[in-house]
Structure formats: structure tokens, C-alpha cells
Enquirer: 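Please see the structure below; I have some questions.
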2 protein chains.
Amino acid sequence: MYVIMVYDLQADRTHKALKIGRRYLTHVQNSVLEGEISEGDLQELRGEIEELLKPGESTIIYELSSDSLLNRTVYGEDPTEDQRFL
Amino acid sequence: MYVIMVYDLQADRTHKALKIGRRYLTHVQNSVLEGEISEGDLQELRGEIEELLKPGESTIIYELSSDSLLNRTVYGEDPTEDQRFL
């Protein structure tokens, strides 16, 4: 399936969510990752994120069937095109 | 169709994207909105966002067919359940 993950952590802890997410998905914007993922990897990702979060922090994981994303448009600068987040 | 919008603007300008997005969608996390939207409203939303963005800022709009969102899980605190973002 295809997953979009958006995290909202305290500023000095966002790198932790990014580090976990990057092992499974592609970083596409400041706090957004997406990509194809297997059911097994998704379970692992969920577990790691649940363990990471502290009070006041949250992460949303959207699951889509692989062919259901009709369109994805980036307005402004596409962070995946430069090195800012690498 | 169903739309997920994630914005990444300079900290002192995020409220502008939120204000635009809220006229069409529901605010679900710090920089994320989602909801059903008509094709006409989506065109308006796109136009307003394109006009808003400055260099270094970006917004991603994901379009899904209305029945293709398989699952949506919030880990941690669900910002829509409190008043922080209202």
C-alpha cells in the first residue's frame, strides 16, 4: 500500500521522527514522508512511532491503496529537489 | 474528491496558509488539513496557495478518490480533539 506520514513533534525532537520514517519512506517535505510500504514494515513503523511520541506530539499515518493517489502537486519549492533535508 | 494538504511556510506566515485552507478543508494537525472538496473549490484553493507562497516555502496537495483512503491513524494527541488550533 501507499502511505503518507505527517509528524508534529517538539522542534528539538523532529529529527527522531524523521530518522525512523526515512528507514521506510521518502522524505518529501519538512515533516512529511511518503511511499510504498509492506504491511509488515508498516506495523514496525507504527510501533516505533508510538514508542517515540511524548505528550503534545502527534503523527498521522494515511494508508491508501497503491493506485488511488490521483494527483500530487507541489506548490512552491519542492524540498526533494534540493539538499536542505538530506 | 478527497484532499490532504500539507504546508511548510516560514513560522510567522503559517497562519496565512491555515486561514486559506480552513475555508475549504478541516484542520487536523499543525500544518495539515484534509477533507472532501469539489473540483471548483480545489481550483480556487490551488490559486490562492500559489499566490501566497514565497521562495523557500512549499505546499503539497494530495488528491484521492473519495473512497480510496483505507485508513487514517493518529498517534499521540489528536490536535482536532482540543482547542489548540481552533
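In what follows, chains are A, B, ... by sequence order, proteins preceding strands, each numbered from 1. Computed from a predicted structure; not experimentally measured.
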Enquirer: Under 3.5 Å, is there a donor-acceptor pair between the A:Glu34 and B:Tyr62 side chains?
Expert: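 Short answer, yes.
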
Enquirer: Is there a donor-acceptor pair closer than 3.5 Å between any side-chain N or O of B:Gln29 and the backbone N or O of A:Val6?
Expert: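 Looks like yes, one N/O pair under 3.5 Å.
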
Enquirer: Examine whether an atom of A:Tyr7 lies under 4.5 Å from a heavy atom of chain B, and if so say whether it belongs to the side chain, the backbone or both; otherwise answer neither.
Expert: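 Contact with chain B involves the backbone of A:Tyr7 alone.
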
Enquirer: I'd like to verify something: which residue of A:Val32, A:Thr59, A:Ile4, A:Ile49 has the highest number of heavy-atom pairs under 4.5 Å with chain B?
Expert: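 Option with the top pair count is A:Thr59.
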
Enquirer: For side-chain contact (heavy atoms from CB on, under 4.5 Å), just list the numbers for A:Ile61 and B:Arg72, CA-CA rounded to whole Å, side-chain angles, deciding distance to a tenth of an Å, and then say yes or no.
Expert: CA-CA 6 Å; A:Ile61 295 182; B:Arg72 173 188 180 284; over 6 Å; no

Enquirer: Please indicate whether A:Gln10 has more than 12 foreign heavy atoms, meaning atoms of other residues, nucleotides or ligands, lying under 6.0 Å from its CD.
Expert: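 Atom CD in A:Gln10 is packed in, count exceeds 12.
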
Enquirer: Apply side-chain contact (heavy atoms from CB on, under 4.5 Å) to the pair A:Leu64 and B:Leu64, showing each step before the final yes or no.
Expert: CA-CA 9 Å; A:Leu64 324 173; B:Leu64 323 174; 3.7 Å; yes

Enquirer: Hey, does B:Val28 have a side-chain heavy atom less than 4.5 Å from the side chain of A:Ile60?
Expert: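 Yes, their side chains come closer than 4.5 Å.
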
Enquirer: Mark yes or no for whether A:Glu50, through its side chain, and B:Tyr75, through its backbone, hold a donor-acceptor pair below 3.5 Å.
Expert: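 No: the side chain of A:Glu50 does not pair with the backbone of B:Tyr75.
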
